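In what follows, a structure is listed as structure tokens, so that the remarks can point back to it.
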Amino acid sequence: MKSFFKRYYPYMKGHKLLFIVAIVGMLLASAGTAGVTYIMKPLIDNVFIGKDMKLLYIIPPVLILIFLVKGMGSYIQTYAMSYIGLNIIRQVRNKMLTHLLSLEMEFFNKKRSGELISRITNDINQIRAGVSNYVTDFVRELLTIIGLVAVIIYQSPILALVGLIIMPLAAIPINIMVKKLKKIARSSQETNQDITSRLSEIFNNVEIIKASNGENIESKNFEEGNMRFFKLSMKSTKIAQLVSPLMETLGAVAIAIVVIVGAFEVEHGKLTTGGFFSFLTAMLLIYTPIKRLLSSYTGLQDTLVAGERIGQLLDIQSKIVDGQKTLKPPIKNITLEDITLHYDDFAALNGVNLTFKKNEITAIIGKSGAGKSSLVNLLLRLYDASSGSVKINDTDLKDFTQASIRDNIAIVTQRIFIFNDTIAHNVAYGSVIDKEKVRKALKSACAWEFVSSLENGMDTILDEFGVNLSGGQRQRIAIARAIYKNPDVLILDEATSALDNKTELAIKEALESIKQDKIIILIAHRPSTISLAHKIVYMSEGAIKDIYDAKEYEKISASLTYD
């Protein structure tokens with residue numbers, strides 16, 4: 001509990017005024033509840049027993065006013081705490097996504113996307129419930145209990161001692177239940193995380209699932225996970241709901257004793273009938289807020305676990321530390337010096353030395369797994385080399401800010417990223433939209449012909465993953481995005497693999513027209529694409545085996561194997 005409030009206090013302290021408003025609302029609601037019990041004494045003693053009919057003109061309006069104050073207080077505190085809870089969640093969610101996006105690719109490679117989605121949605125919603133509901137209920141019911149206890153003690157200290165002495169007995173079983181609920185809450189949230197991850201995998205791979213008749217397999221796996229979550233939820237409910245019958249039983253015992261002792265007190269004139277009924281009303285009412293307070297405490301365990309799980313992610317520090325310098329064009333050369341790169345125990349690159357120069361097109365060839373993509377990922381600083389150094393204009397890559405590096409480098413990969421937005425936004429992604437510039441980029445990427453034929457042209461909304469486009473069309477949009485950026489370094493990682501020969505030829509012509517003052521790196525298998533290069537780098541098992549110029553490569557290309 002302490003660590004939870006320590007972590008989220010910085011978000012809470014920005015709402016001091018609203019907390020004061022909420023507390024005022026809680027005090028009004030609590031005072032209203034206590035007032036209802038207190039007014040029972042004059043109502044019974046003076047009206048029903050004393051026959052003072054004049055009070056009928058006073059007490060009923062006062063009773064209405066008390067309930068009005070109670071209702072307004074409840075509304076004020078509910079609205080204020082809901083605002084606080086939702087606003088805190090908005091801030092935490094924003095911070096969490098910003099933090100996750102700052103982490104290196106290695107982190108995302110090891111985490112399931114569904115798990116991260118679950119943390120940023122389900123877990124944060126648990127915190128909202130805790131701040132808006134459980135904490136609010138806890139404070140409100142505590143204030144109500146204090147008000148009712150004050151009435152109880154005022155009416156009869158002796159009966160108060162008898163009626164309230166039983167309450168501490170509930171602490172023992174409640175404490176046991178809370179420990180069990182926290183353990184179940186952790187398992188439940190982890191299971192829910194697995195369900196979200198599974199759904200993400202299903203929807204991202206639905207095409208292969210249907211093509212492989214995997215619907216029944218996926219449904220069965222999902223049902224099993226869903227059943228685990230159901231059983232854990234029911235187990236949590238079974239334990240949490242014991243609070244109510246436990247408190248009602250103890251309350252019944254306390255009230256029974258109070259009735260017996262109270263009857264003797266009234267009989268001997270130590271307590272008026274009105275005072276007794278005022279006391280009894282307070283006793284009957286006090287068990288409801290006590291139940292709610294304990295229910296809030298048990299329900300808060302889900303929030304505490306969610307807070308811990310979110311904290312675990314927020315505490316992760318990026319392994320890639322940003323530099324301080326801003327990389328400014330032109331980029332004249334990029335040098336890799338004795339580079340090694342390891343993914344855990346796997347060596348992706350081993351002793352790589354290579355230089356890329358301005359006005360030069362370099363093709364990197366080799367079998368799958370040779371380390372081609374790993375090499376270009378280092379240039380974007382998506383990973384840091386395990387040893388060795390990457391230098392741009394003779395300055396270590398690590399000295400530059402990541403943003404300035406990526407502002408000057410564009411990459412198109414085999415895996416095409418299309419966002420559920422307009423074609424114009426997809427082409428200009430990460431930059432300010434200039435529609436004339438978008439049009440030119442689409443023309444250079446041989447995409448304008450099909451884009452202009454669409455009803456809304458470049459303002460056409462693309463579906464998620466660009467499923468309303470063909471593979472070749474998606475790839476041309478991705479190439480247009482790279483051209484729009486007009487980078488100093490352009491990397492094409494099998495970027496023409498989904499294009500027909502005619503379109504590939506047109507793309508080659510576009511590259512010829514924009515290659516001036518650029519470093520262009522091609523990862524390619526097609527001989528037609530490789531023919532653009534001035535220099536061909538042959539890689540195998542994470543190392544550079546040979547470097548050829550265009551003429552040398554023509555002579556020996558038939559003897560090379562790369563697929």
Side-chain angles (χ1 to χ4, degrees), residues 1-5 7-8 78 81-82 85-86 88-89 92-93 96 112 114-142 145 167 169-200 220-251 287-313:
M1 182 82 77
K2 184 179 178 181
S3 61
F4 175 85
F5 282 103
R7 179 177 293 278
Y8 296 103
T78 300
M81 290 305 296
S82 293
L86 291 169
I88 287 174
I89 293 318
V92 174
R93 190 171 278 162
M96 195 170 178
R112 295 175 297 172
E115 177 183 345
L116 299 178
I117 292 169
S118 179
R119 296 278 182 106
I120 209 168
T121 53
N122 299 332
D123 287 5
I124 287 184
N125 280 333
Q126 287 290 348
I127 292 178
R128 184 199 63 77
V131 175
S132 296
N133 300 332
Y134 298 133
V135 173
T136 304
D137 290 348
F138 190 90
V139 175
R140 184 189 64 227
E141 303 307 339
L142 184 61
I145 290 168
M167 289 296 89
L169 297 176
I172 299 171
I174 294 295
N175 191 46
I176 295 171
M177 285 190 282
V178 164
K179 289 180 180 178
K180 288 185 177 181
L181 283 171
K182 192 168 184 179
K183 185 177 180 181
I184 294 170
R186 188 176 300 279
S187 298
S188 180
Q189 289 176 29
E190 288 173 355
T191 303
N192 196 34
Q193 165 186 295
D194 292 338
I195 289 173
T196 306
S197 296
R198 195 67 190 173
L199 285 173
S200 179
K220 184 178 179 182
N221 289 338
F222 181 78
E223 286 172 7
E224 289 174 356
N226 213 13
M227 179 56 75
R228 284 195 297 273
F229 181 71
F230 169 75
K231 287 180 178 178
L232 285 168
S233 298
M234 288 309 302
K235 190 174 181 180
S236 176
T237 301
K238 181 173 66 176
I239 295 173
Q241 294 307 309
L242 285 174
V243 172
S244 183
L246 175 65
M247 291 307 302
E248 286 181 2
T249 302
L250 290 173
Y287 280 94
T288 298
I290 288 175
K291 279 197 305 181
R292 288 175 181 167
L293 185 143
L294 293 174
S295 294
S296 297
Y297 183 60
T298 54
L300 196 58
Q301 303 314 304
D302 279 331
T303 300
L304 297 178
V305 171
E308 289 173 8
R309 282 162 52 85
I310 289 171
Q312 289 168 1
L313 287 183

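Keep in mind the model is a prediction, meaning the values are calculated, not measured. Reckoned from all heavy atoms, side chains included, excluding hydrogens, waters and symmetry mates.
A donor-acceptor pair under 3.5 Å is formed between the side chain of R119 and the backbone N or O of R309. Under a 3.5 Å cut-off, the side chain of S82 and the backbone N or O of T78 do form a donor-acceptor pair.
For R228, the side chain to side chain contact (heavy atoms under 4.5 Å, CB included) partners two or more places apart in sequence, or in a different chain, are T191, E224. With sequence neighbours excluded, the residues forming a side chain to side chain contact (heavy atoms under 4.5 Å, CB included) with S233 are S188, F229, listed by chain and number. Among residues two or more places apart in sequence or in another chain, the side chain to side chain donor-acceptor pair (under 3.5 Å) test is passed with D194 by R112. Residues satisfying the side chain to side chain contact (heavy atoms under 4.5 Å, CB included) criterion with K231, sequence neighbours excluded, are M227. Taking the salt bridge (Lys or Arg N to Asp or Glu O under 4.0 Å) definition, one finds that R186 meets it with E308, sequence neighbours left out.
Remark: M96 CE to I310 CD1 distance equals 5.0 Å, nearest 0.5 Å. A distance of 10.5 Å separates OG1 of T121 from CD of Q193, quoted to the nearest 0.5 Å. The CZ atom of R198 lies 4.5 Å from the CG atom of N221; values are rounded to the nearest 0.5 Å. Atom CG of N226 is separated from atom CG of L199 by 8.5 Å, given to the nearest 0.5 angstrom.
When all heavy atoms of A185 and V305 are compared, the pair lying nearest together is CB-CG2, 4.0 Å. Here the closest heavy-atom approach between residue I124 and residue I120 is recorded as CD1-O, 3.5 Å. Between T196 and G114, the shortest heavy-atom contact is CG2-O, 3.4 Å.
At least one side-chain heavy atom of Q189 sits under 4.5 Å from a side-chain heavy atom of D123.
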